[in-house]
Amino acid sequence: KLISFELNAALLRSREGDVIGRVISARDISERKKIQEMEMKNAFIANISHEFRTPLTLSIGPLEGLLRGEYGYIGTGAKDQIGLALRNNRRQLKLINQLLEFTRLGSKSDEVSYYKKDINLFVSALVDSFAFLAIKKDINLAFIPDEAIEAAYIDPGKLERVLLNIIGNAFKFTPRGGSITITTKNGKENVEENFIKISVQDTGIGIKEEDLPHIFERFQQIGSNPSRRGEGSGIGLSLAKELIELQKGKIETESTYGGGSTFTIYLPRGKDHIRDQDQINCERDEIMLSEKEIELSDLGYHQCPPLSAWQ
């Protein structure tokens, strides 16, 4: 094992100025070196990701315009090919966005911005955006809110990304005729008294018991079962966990292989978890619909839901 040291040497002199000895000190700087190396890697990844992101972003706009018919009539066959190219571009952009998110974690560029939100309305709007997939895949999609639930201080952008990822995974691994149920629960009525609970339960293929401890590890693709089609880069769930923990919450999963999975998010009630009151904001700009299309790109999404669904 190699250890990095920082050496300092100094001469000891008598009152007359004669050299009477030497002092050499050594300090272990292995951790500092690791931090510096990680910062360099993150900077490199961020720079490369931005270089890839720009041309992808610029190519998505014209492709969307082609599908909307802004440049004239396009036949069905051509539309299908353009739609395929658009979905692949969005899939690549989604991966790049996740890599950028990782480089921001733990840095000042990824500070949490809290907003007081009605959790039921917030989750309901996200669930509505999956209605088209539920019809397409013949899946029973349900949202069961706890009417007594309180408003919570959350980072809407981060929570949106987490829920899109988890609900999207439920659709990936739930067969036709299955069901996906999203519920909210006020912490006052369960053991987790200090949290608001959001659960996503599906009747999909589930996760093997030996894989469950690794489900939130970075770059971990769970299982080798070919039925887990559409598996991504192994970034999504790890990123989801870190984004929830940034908001002082936690995320857990329960699963029966062959019998479905349940992912549960716990969000702190009140605002005692917010140390810096300057992080609390009054308003929040809407996230562009294109960002949601990018997050849902793995599911073949390329049609915008009504703008009113996100207000």
Side-chain angles (χ1 to χ4, degrees), residues 101 110-134 140-171 179-202 239-252 262-296 301 304-311:
E101 194 77 44
D110 196 52
E111 293 177 346
V112 180
S113 295
Y114 289 101
Y115 297 79
K116 188 176 182 179
K117 287 290 181 180
D118 184 313
I119 293 297
N120 285 336
L121 289 178
F122 184 86
V123 176
S124 177
L126 286 169
V127 173
D128 286 346
S129 69
F130 286 90
F132 79 100
L133 269 178
N140 180 32
L141 176 64
F143 173 50
I144 305 175
D146 182 349
E147 299 299 340
I149 205 167
E150 302 173 357
Y153 288 89
I154 61 170
D155 186 314
K158 290 178 173 57
L159 183 57
E160 247 177 6
R161 181 165 294 182
V162 171
L163 286 172
L164 287 172
N165 179 271
I166 292 175
I167 300 173
N169 283 343
F171 271 94
S179 65
I180 298 173
T181 304
I182 296 92
T183 60
T184 58
K185 191 75 173 177
N186 197 330
K188 289 181 178 179
E189 299 178 12
N190 57 60
V191 177
E192 301 290 345
E193 293 184 356
N194 295 321
F195 292 90
I196 290 171
K197 184 168 70 172
I198 304 172
S199 296
V200 179
Q201 182 178 22
D202 66 61
L239 181 59
K241 179 176 182 290
E242 297 195 40
L243 291 178
I244 291 299
E245 288 177 349
L246 276 176
Q247 300 171 74
K248 309 305 180 186
K250 59 182 180 179
I251 182 170
E252 298 175 348
T262 300
F263 284 82
T264 303
I265 297 169
Y266 297 90
L267 298 170
R269 294 172 53 227
K271 54 183 178 180
D272 291 342
H273 60 290
I274 306 174
R275 294 183 180 179
D276 186 355
Q277 296 301 306
D278 290 339
Q279 290 179 300
I280 300 177
N281 299 276
C282 298
E283 297 179 356
R284 172 177 178 261
D285 295 331
E286 292 181 358
I287 289 182
M288 297 298 292
L289 290 176
S290 182
E291 289 189 29
K292 294 178 177 63
E293 295 171 355
I294 291 166
E295 286 297 314
L296 303 182
Y301 182 76
C304 295
L307 184 61
S308 59
W310 301 104
Q311 294 177 342

key: Sole candidate of Arg161, Gln247, Glu160 that passes side-chain contact (heavy atoms from CB on, under 4.5 Å) when paired with Asp155   = Gln247
ask   = So how far is it from Ile251 CD1 to Leu243 CG, rounded to the nearest 0.5 Å?
value = 9.5 Å
For the student: nearest non-hydrogen atoms of Tyr114 and Leu246, plus distance = OH-O, 3.7 Å
inquiry  = For a quick test of reading the model, state the closest non-hydrogen atom pair linking Pro156 to Tyr115 and the distance between them.
reply    = CD-CD1, 3.3 Å
task = Classify the ring geometry between Phe130 and Phe171 as parallel (under 30°), tilted (30 to 60°) or perpendicular (over 60°).
result = parallel
note = Here the pair of heavy atoms bringing Thr264 nearest to Ser199 is OG1-OG, 3.3 Å
query = Quick one: CD on Glu150 to NZ on Lys116, what's the gap to the nearest 0.5 Å?
reply = 9.0 Å
task = Give the intermediate values and the outcome of side-chain contact (heavy atoms from CB on, under 4.5 Å) for residues Leu159 and Leu267.
result = CA-CA 10 Å; Leu159 183 57; Leu267 298 170; 3.9 Å; yes
request  = Output the distance between atom CG (Asn169) and atom CD1 (Ile180), rounded to the nearest 0.5 Å.
outcome  = 10.0 Å
inquiry  = I need the Lys197 NZ to Asn186 CG distance, nearest 0.5 Å.
reply    = 11.0 Å
note = Of all heavy-atom pairs linking Phe143 and Ser124, the shortest is CE2-CB, 3.7 Å
query = Considering all heavy atoms of both residues, which atom of Ala131 and which atom of Leu141 are nearest to each other, and what is their separation?
reply = N-CD2, 4.2 Å
request  = Report the C-alpha distance between Phe195 and Ile265 in whole Å, list the side-chain angles of each, state the deciding distance to 0.1 Å, and finish with yes or no for side-chain contact (heavy atoms from CB on, under 4.5 Å).
outcome  = CA-CA 9 Å; Phe195 292 90; Ile265 297 169; over 6 Å; no
Where His273 and Pro268 come nearest, the two heavy atoms and their spacing = ND1-CB, 3.5 Å
request  = Flag the pair Ile274 / Val112 as yes when at least one side-chain heavy-atom distance between them is below 4.5 Å, and no otherwise.
outcome  = no
query = Would you say Asn120's side chain and Asp146's backbone share a donor-acceptor pair under 3.5 angstrom?
reply = yes
ask   = Just how far is it from atom CD1 of Ile149 to atom OG1 of Thr184, taken to the nearest 0.5 Å?
value = 4.0 Å
ask   = Atom OG1 of Thr181 and atom CG of Asp202: how far apart are they, to the nearest 0.5 Å?
value = 9.0 Å
ask   = side-chain contact (heavy atoms from CB on, under 4.5 Å) with Tyr266: which of Lys248, Lys250, Lys185?
value = Lys250
